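Structure first, commentary second.
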Amino acid sequence: MICRRTLLKTGASLAALPLLPGRLHAEVALTPVIEARVAQAQIAPEGYPQTEVWSFDGKLPGPEIRARQGSRLTRKLVNALTAPTSVHWHGIRIDNAMDGVPGVTQQAVQPGQTFLYDFDLPDAGTYWYHSHNQSYEQVARGLHGPLIVEERDAPDVDRDVTLMLDDFRLDPETGQIAGFDNMHDFSHGGRIGNITLTNGTFNKNLQTRQNERLRLRLINVATARIFTLNVQGLDGWIMALDGMPLEAPRPLNEPMLLAPAQRIDLIVDISAEEGDAAHLVRMERDEAFSQVLIEVRGVSASRPRGTPDPLPPNPDMVVTRLDDALQSHLRMDGGAMRGFASARMAGQEVSFREAAENGQFWAFNGMVGMPEAPLLVAERGQTVRVTLQNDTMFPHAMHLHGHHFREIHADGTLGPLRDTLLMFGDERREIAFVASNPGDWVFHCHMLAHAASGMMTRIKVLA
Ligand code: C2O
Ligand code: CU
């Protein structure tokens with residue numbers, strides 16, 4: 001901690017000096033690095049072998065990056081892998097050039113090469129970063145980590161805990177990650193793991209005291225699994241979704257769905273008695289599993305504090321002028337059981353079978369994979385409405401880069417700000433957002449095998 005502060009201070013004073021050759025060298029050396037590299041992790045229970053993962057800084061998940069709202073984040077990505085990679089800063093209203101999407105905002109960073117990410121953090125909240133190159137494989141191998149942007153006025157909690165929920169598919173014999181060419185995953189629900197993890201371990205536990213107040217930042221970094229979560233032994237409130245504060249905390253009284261890439265910030269008060277346990281519970285087909293065991297040892301001085309105040313809102317997040325909005329439509333089709341009659345793929349008309357032979361199974365508006373033309377082109381500041389029609393049998397987690405949107409409910413009311421929308425089969429939903437951030441922004445399914453097999457488009461916001 002002290003070490004980091006010293007570095008920052010030194011960096012600032014150097015920046016103010018004229019760039020003499022010697023000093024320039026010193027300044028470059030101070031740029032914080034994030035290195036993508038192979039590492040070993042004990043994912044499977046004790047007694048099983050370690051698993052080779054792809055990591056940021058040798059850690060699974062990658063190091064927690066914490067920064068203040070309004071500050072600038074600088075990281076030099078060093079690619080020490082044997083494959084090209086990149087970093088996408090998920091949920092940040094970022095400068096387009098820093099969005100980390102190879103082929104759209106930058107070139108993939110080749111092995112041995114570096115890329116300097118340097119951008120402002122306009123919003124507080126819970127975000128994450130992950131590879132955006134071959135991401136169905138690279139994220140599943142471990143290239144992800146939390147990015148926490150702290151409020152200027154942080155809520156009064158005893159502890160602030162990030163919980164990255166994940167799953168891995170390990171070969172039961174070798175304990176290694178295997179099977180990325182499974183066409184069943186691409187055409188069905190994506191790659192679902194056979195071991196469920198929190199912060200890289202299957203038996204995550206926390207030690208607390210009765211009446212302690214915790215902020216829990218839940219992040220689903222799995223590439224396909226939708227977590228259904230509940231709590232036990234604590235009173236809680238949902239404070240924020242996908243980083244963005246709710247206007248009023250929502251008491252936790254029913255299970256929460258957390259789709260891939262989504263986040264939920266909770267504030268919880270431990271109500272379980274000393275010596276007892278509380279849990280973050282994962283529901284699977286009506287069975288309950290302890291995802292995080294929260295041991296209660298001792299009693300905190302604090303008393304239950306009742307409903308917390310809402311988190312401070314982030315700046316300029318309004319949706320206005322719904323009436324003269326730019327209107328767009330996205331129809332999703334394909335996948336197992338339904339397929340599509342025909343679609344365009346790489347400039348050619350193909351049947352579902354022809355697409356499938358190329359490992360492609362899904363289409364947006366009849367286009368497989370990234371289309372030549374954007375889904376829509378918006379003026380900067382224009383309000384955009386997109387109806388999303390899921391004509392497939394599968395759920396999808398639609399993520400828009402660079403912006404947060406609100407759902408327009410059937411009754412005309414607006415939902416909370418989100419960057420990832422979970423849609424079930426045959427659902428039709430509508431979202432609206434202000435196209436405030438210039439650039440080309442990808443819009444894709446965050447079930448990453450789906451994105452890799454057709455579910456990818458982009459929008460353009462004019463400067
Ligand atoms: Cu979290 Cu396009 O990604
Ligand atoms: Cu999908």
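None of the values given here were measured: they were computed from a predicted structure. For ligands, and for the atoms within them, numbers begin at 1 and follow the listed sequence.
Within the 3.5 Å criterion, the main-chain N or O of His188 finds a donor-acceptor partner in the side chain of His450. Proximity of a side-chain donor or acceptor of Asp265 to a complementary backbone N or O of Ala240 within less than 3.5 Å is not detected.
Looking only at its N/O/S atoms, His396 has ND1 as the one nearest to the Cu ion (ligand 2). Nearest to atom 1 (Cu) of ligand 1, among the N, O or S atoms that His130 has, is NE2.
Screening residues 334-360 for ring-ring contact (aromatic ring centres under 6.0 Å, His included), with sequence neighbours left out, gives Phe340-Phe352.
With the Cu ion (ligand 2) as vertex, His450 ND1 and Cys445 SG subtend 130°, rounded to 10°.
Ring centroid separation for the pair Tyr127 and Tyr129 does not come in under the 6.0 Å cut-off. When ring centroids are compared, His399 and Trp128 stay outside the 6.0 Å threshold. Between His132 and His130, the ring centre distance stays below 6.0 Å.
Around atom 2 (Cu) of ligand 1, the protein N, O or S atoms found under 2.8 Å comprise His132 NE2, His401 NE2, His444 NE2.
Taking a cutoff of 4.0 Å between a charged side-chain nitrogen and a carboxylate oxygen, Arg321 and Glu379 do not qualify as a salt bridge.
With a 6.0 Å cutoff to the six-membered ring centre and a 45° limit on the axis angle, Arg282 counts as a cation-pi contact of Phe289.
His446 lies apart from the Cu ion (ligand 2) in this respect, since none of its N, O or S atoms is found at a distance under 2.8 Å.
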